[in-house]
Amino acid sequence: MKLCMIGTGYVGLVSGVCFSDLGNDVICVDKDTSKINSLKKGKIPIYEPGLSELVVKNNKNQKLSFSTDLKKSIKDSDIIFICVGTPTKKGSSSADLTQIFSVARDISLSLNKFKIIITKSTVPVTTGDEIEKIISKKNKKNKFSVVSNPEFLREGEAIRDFTYPDRIVIGSNDSKSNRILRNLYAPLISKGAQYIHCSRRAAELIKYASNAFLATKITFINEIANLCEKTGINIEDISIGMGLDKRIGSRFLRAGPAYGGSCFPKDTKAIISTADKFRTNLSVIKSVVKSNKNRSNILLSRVYDILNKKIKNKKITFLGVTFKANTDDMRDSSSLTMIPALSKKGAIIRYFDPTGYKKEFKRNKNVFYENSIKKAIVGADLVIIHTEWNDFKSINFKNLVRKKKFIIFDMRNIYSPNKLNSQGFKYYSIGR
Ligand code: UDX
């Protein structure tokens, strides 16, 4: 089929490339000319393992192309995916739909035959209705169908999550688009993906409810970890003991720093805002947002206790600063709270991250990027493992000690307390 992906961010680029790899003809469109030009040269603007190989392969076999000409790309395609950003509106908690509605207006001017218009971007409930109204102003209702098809891609695992989804959710109010989309996704369904057809609004809500639930699950285990620290219990026993219950499931039960990223913070706020609009109080999700916001302060007070409240001139190393491993994304990373707070208290901070220097810390005093683990650690008073990069999973800390052993605060429970304590390190972690 001929697909047009509007927006070449995580969602549009990954989905477009993967659709082309399934044999579809895909045009990825963006108004950012420089982004499109670098994509044409096989240069990928996002950090996603395995993506550049797929871009080059499908570009070469002419299944994948890039363009800035939105109108022509729409005219040449049968299915239009809206994949533009829906960030949190400044000074509010609701989603900013400016880009969505601007694209909807462009689409309404370019329907030369029946098209399916799909919101793959995460959009609040009823957005599809709004898009339908905009397009109906210029087109007869039988010339198009507006469908919700949310993605469930995790950064760093996006290609795997596209290729082996647990489920494909198609929210549409007509059988024609459902039939066409079941056909589009047939290669994934044949590999075991569940295909769900529901109303458009249901599909829009499934996305938000899923992310809000995952954020709730993580916040739940983080709070249980706080209790474990006070009662000498190992949180990992709790995660295993709970996770074996099939109704709970073992994934997303790893205690750590506050959750971050481009989705959980944005989507939890947006679903609360939607519910408030419909006079419904989502008190559980509200408490999740509050608890996660406070989590960095809880971990910071643990750092102050570990250093006996003496922070000034202390040399603190952060191993990893991105919001999770296998991404260069810093959005809502807990390091963005912790590092400035420690810098303000006079600490001297060095950090290493496999994805390199971060401009986000440019304005913070005494915060320095080091380009190796060794350079970041040597001479430290405290080493904080913030992100669970594989690079940090087999460090021989003993070889990196100079005069005095540094303290280790492992915020991702990568190491065994017994092993590091037996090597003479003061070792702290989460919920253990
Ligand atoms: C998330 C959803 O998982 C994905 O389905 C959706 O499409 C986009 O948002 P992403 O934000 O890329 O994906 O990352 P994810 O792997 O979900 O992690 C989100 C945050 O939760 C990270 O800060 C991560 O460190 C944290 N996390 C995750 C935990 O603290 N513990 C866990 O067990 C899992």
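Each ligand, and each atom within it, is numbered from 1 in the order the structure gives. Computed over heavy atoms, backbone and side chain alike; hydrogens, waters and symmetry mates excluded. By convention here, the first residue in the shown sequence is residue 1.
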TODO: Please answer whether the main-chain N or O of T8 pairs with a side-chain N or O of D30 as donor and acceptor at a distance below 3.5 Å.
DONE: yes

Task: Atom pair CG/CD1 of L307 and I407 - distance to nearest 0.5 Å - done: 5.5 Å

Open item on the list: Check this for me - ligand 1, C263, N or O atoms closer than 3.5 angstrom, yes or no?
Closed with: no

Task: Closest candidate by heavy atom, reference atom 23 (O) of ligand 1, pool A325, S262, G260, S334 - done: G260

TODO: May I ask whether G256 places a heavy atom under 4.0 Å from ligand 1?
DONE: no

Task: Contact check, K266 vs ligand 1, heavy-atom distance below 4.0 Å - done: no

Open item on the list: Heavy-atom count check: over 12 atoms from other residues, nucleotides or ligands less than 6.0 Å from K393 NZ?
Closed with: yes

Open item on the list: Please tell me whether Y10 and E48 have a donor and an acceptor in their side chains that are separated by less than 3.5 angstrom.
Closed with: no

Task: Closest to atom 2 (C) of ligand 1 among F152, F264, Y259, Y10 (heavy-atom distance) - done: F264

Open item on the list: Between ligand 1 and P257, is the shortest N or O to N or O distance under 3.5 Å?
Closed with: no

Open item on the list: Angle between ring planes, F318 versus H386, binned at 30° and 60°: parallel, tilted or perpendicular?
Closed with: tilted

Open item on the list: Among all protein heavy atoms in this structure, tell me which lies nearest to atom 25 (O) of ligand 1, with the distance rounded to 0.1 Å.
Closed with: R412 NH1, 3.0 Å

TODO: Test N281 against K286 for side chain to side chain donor-acceptor pair (under 3.5 Å), laying out the working first.
DONE: CA-CA 9 Å; N281 177 25; K286 282 177 180 171; 2.8 Å; yes

Task: Nearest protein heavy atom with distance in Å, relative to atom 3 (O) of ligand 1 - done: R154 CG, 3.2 Å

Task: atom 22 (C) of ligand 1: nearest protein contact (heavy atom, Å) - done: F323 CD1, 3.6 Å

Task: R201/E204 ion pair, N-O < 4.0 Å - done: no

- [ ] Around atom 12 (O) of ligand 1, find the nearest protein heavy atom and jot down its residue, atom name and distance.
- [x] E155 N, 2.6 Å

Open item on the list: Is it the case that the side chain of S291 and the backbone of V288 share a donor-acceptor pair, with hydrogens and angles ignored and the cut-off at 3.5 Å?
Closed with: no

Task: Y351-F361 aromatic ring centre distance below 6.0 Å - done: yes

- [ ] Using heavy-atom distances, let me know which of N211, I218, L253, D161 sits nearest atom 26 (C) of ligand 1.
- [x] I218

Task: K324, E157, R295, K217: member with heavy atom nearest to atom 16 (O) of ligand 1 - done: K324

- [ ] With atom 31 (N) of ligand 1 as the reference point, say which of E388, H386, E151, R254 has the nearest heavy atom.
- [x] R254

Task: Distance under 6.0 Å and angle within 45° of ring axis: K191 vs Y164 - done: yes

- [ ] State if K207 counts as touching ligand 1 under the rule of any non-hydrogen atom under 4.0 Å.
- [x] yes

TODO: Look at atom 4 (C) of ligand 1 and say which protein heavy atom is nearest, naming residue and atom and giving the distance to 0.1 Å.
DONE: L153 O, 3.6 Å

